[in-house]
Amino acid sequence: MPTAKLIEVENVHRYFGAVAAVRDLSFSLHSGEVLGFLGPNGAGKSTTMRIITGNLAASAGSVTIGGYDLHRDPIAARRLLGYLPDTPPLYHDCTVEEFLRYCGRLHAINGSQLSAAVDRGIDRCGLGDVRSRLIAHLSKGYQQRVGIAQAIIHDPELVILDEPTVGLDPRQIEEIRQLISELGHSHSVILSTHILSEVQAVCSHVQIINRGELVLHSPLAELDPVLAKQPHQVEFQTPPSIEQLRQLVGINDVSVKEDGYFHINFTENTSGIDTLLAASLENGWGLRQLTAPQLSLEQLFMQLTDTSALPTPAPAEETT
Amino acid sequence: MTAAVIARTELRILLRSPIAWATLSSVCALLAWLFLLQIDQYTLYQSQLLALANPPGVTELVAAPLFGNAGLILMMVLPLITMRSFAEQERNQTLTLLTTAPISLTAIVVGKFFGICGFLALLLTLLLAMPLSLIGAAELDFGLLAANSLGVILLVTSFTAIGLWASSLTSHPGAAAMLTFGLLLILWLLESARGEQGTTASLAQFSTLFHYQGFLNGLVSSGDIAYFVILTLLALGLTVLRLHSKRYYT
């Protein structure tokens, strides 16, 4: 059964003077989906986030959240929304608990519900130890968590997080990721980042923005075959000729890079690798290194901007 | 409703900042000093005053000048209190907390306005306590005192509204303070554009001092009240408009 679209962004443009920060952006998200929003710095991620949270007006186009037009019915639309901007909007002179109570009240939560909501937020974000400390005295990781707690205090249907793990140490990143995965069970989440592994870890959908334009919107699962087509990187002690390699069964394409590594595309990964290993032993090529494809965001980008390389998976809007 | 929530938190945060207490203590010390000077003068000339047929009372000679000075001092000090309201939040990007919540811009502006008004209530209570401390020692004219109090309340609320507007115009608190001070000073000094006695159709009509003087003299006129109320609403309205347009032109 197709669920209703929770957020629908249609043909949104935003200009800063003559500069187009976002051009003709359209996408939608259904309940229960976690969307990873990727893009290099300055691609328009934060601008998009600010537009879909109503903090910035679009020059053209519309944003609808839960059926409410963000422009015409902003208060109803914002009730469904929790937002962590790239700089967490924290009141440094407040304690964590005080601040969260304030956030709850701003969302019209009162009385015993308020205490329950604050306790739940503190619990979910692991803030129990610091609940009565001043926000100014917290480490960046904890401040980030308070920022997330602030965004989910009213149990919104849609949580929008702008680069929630930036500037954190690896352990904190892991913790925040875990929190986001948990959120994904009960909320829809839009998560912006420029780290692809983050998206692979927590998201169900991914979209990439480049220079203000959406270049990819796809369920993550549909990207797997694309990722699998990436070449393995192979190093030999006594390298065979390219022709020798090409003759092997299961090898699709071979090329040698300047650094001496072979880039090999297998038609079918497991059997192709076995064949290569056997051939290496037999002929004494001395295989030293075989690295599975690591598709980084940069590589994906190069492919996406390079016209012919990628069979663009499912265009935006075709998900159910 | 939400405005009250914002007002309460704004006040609480303001009272945690050193600037609030530094302001409160310096202004009170200054006013207390001026108050004592007035008392001193009054006792010095008291015997001569008694010789007059209809001598001015202690309220007229001590309280009214005190409130006059308070207006002037608060004009210089209030910009420091209002400057942070929007400018600092804009700078720290914490305004997003309010602009993303399901509340109207009007509620945000009104909330911040009343938050500062709460602080001013504290300050004005201390101001009022000075003449009230003469109860028992002298005959006080409570009618005049009430007129003075109403005047100073209207005056500082309009200052606050103007300060909020200036604060919404920039993301630099210092610039907001300077802008507020400039606006307030000009509005105050317009009074000097008063022409010959009796010619009222002049720029002086737009002066805060022009309308404040009535209250200081014990004259509560609906025109003066309307002036301050309109000035306050106008500045608050401009602040809302400014916040609204910020979403379009950044």
Side-chain angles (χ1 to χ4, degrees), chain A residues 14-17 21 46-47 49-59 65 68 70-71 73-95 98-99 101-110 114 134-136 146-147 150-151 153-154 156 160 162, chain B residues 1-22 81 84-112 114-115 118-119 168 171 173 240-250:
Chain A
R14 171 72 208 203
Y15 297 93
F16 291 107
S46 289
T47 306
M49 298 297 215
R50 287 173 66 200
I51 290 172
I52 62 179
T53 55
N55 280 292
L56 195 66
S59 307
I65 299 174
Y68 299 105
L70 192 56
H71 185 66
D73 209 348
I75 291 184
R78 284 202 212 116
R79 279 205 188 98
L80 307 173
L81 204 69
Y83 176 40
L84 172 70
D86 48 359
T87 314
L90 307 177
Y91 287 12
H92 287 237
D93 295 331
C94 289
T95 66
E98 225 174 9
F99 177 70
R101 288 187 77 86
Y102 180 48
C103 298
R105 285 213 184 89
L106 288 177
H107 285 95
I109 309 173
N110 287 301
L114 179 60
L134 280 184
I135 290 175
V146 179
Q150 163 274 127
I153 190 89
H154 50 297
I160 297 178
D162 197 350
Chain B
M1 189 54 220
T2 331
V5 172
I6 297 174
R8 207 162 3 140
T9 302
E10 288 290 325
L11 177 60
R12 198 188 311 170
I13 290 172
L14 184 58
L15 290 180
R16 276 176 201 177
S17 74
I19 200 163
W21 296 103
I81 300 292
R84 310 199 310 166
S85 303
F86 290 105
E88 193 171 78
Q89 283 215 299
E90 178 72 28
R91 210 179 175 78
N92 299 340
Q93 298 173 33
T94 51
L95 203 57
T96 331
L97 183 73
L98 298 175
T99 52
T100 309
I103 35 180
S104 66
L105 292 177
T106 312
I108 297 175
V109 172
V110 169
K112 281 181 174 283
F114 279 109
F119 170 76
S168 74
S171 60
V240 175
L241 274 183
R242 165 65 188 162
L243 290 184
H244 184 71
S245 73
K246 249 189 200 170
R247 291 184 174 154
Y248 291 85
Y249 315 100
T250 309

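Side chains included, hydrogens not; waters and symmetry mates left out as well; all remaining heavy atoms used. Quick note on labels: first sequence line is chain A, next is B, and so on, each numbered from 1.
Close approach to chain A, defined as a heavy atom under 4.5 Å from one of its heavy atoms, is seen in R16(B) of residues 14-21 of chain B, taken by number.
Put simply, the side chain of P102(B) reaches to within 4.5 Å of the side chain of H107(A), judged on heavy atoms. Looking at heavy atoms from C-beta onward, H92(A) lies out of side-chain contact with T94(B) at the 4.5 angstrom threshold.
For a residue to count as touching a neighbouring chain, one of its non-hydrogen atoms must lie under 4.5 Å from one of that chain's; by this rule I6(B) touches chain A with backbone and side chain alike. Heavy atoms of L106(A) lying under 4.5 Å from chain B belong to its backbone as well as its side chain.
Closest of all the heavy-atom pairs between Q93(B) and T87(A) is OE1-OG1, 2.9 Å. In terms of heavy-atom proximity, Y248(B) sits nearest to R14(A) at O-NH2, 2.8 Å.
Between T96(B) and N55(A), the side chains place no donor N or O within less than 3.5 Å of an acceptor N or O (distance only, hydrogens not considered).
For R91(B), there are no salt bridge (Lys or Arg N to Asp or Glu O under 4.0 Å) partners at least two apart in sequence or on another chain.
A distance of 12.0 Å separates OG1 in T9(B) from CG in D93(A), rounded to the nearest 0.5 Å. Atoms CZ and CD1, on R105(A) and I103(B) in that order, are 13.5 Å from each other to the nearest 0.5 Å. Within the model, atoms CD of E10(B) and OH of Y102(A) stand 5.5 Å from one another, a figure rounded to the nearest 0.5 Å.
Contact count versus chain A (heavy atoms, under 4.5 Å) is highest, among N92(B), T2(B), V5(B), for V5(B).
Within 6.0 Å of the CZ atom in F119(B), the count of heavy atoms belonging to other residues, nucleotides or ligands exceeds 12.
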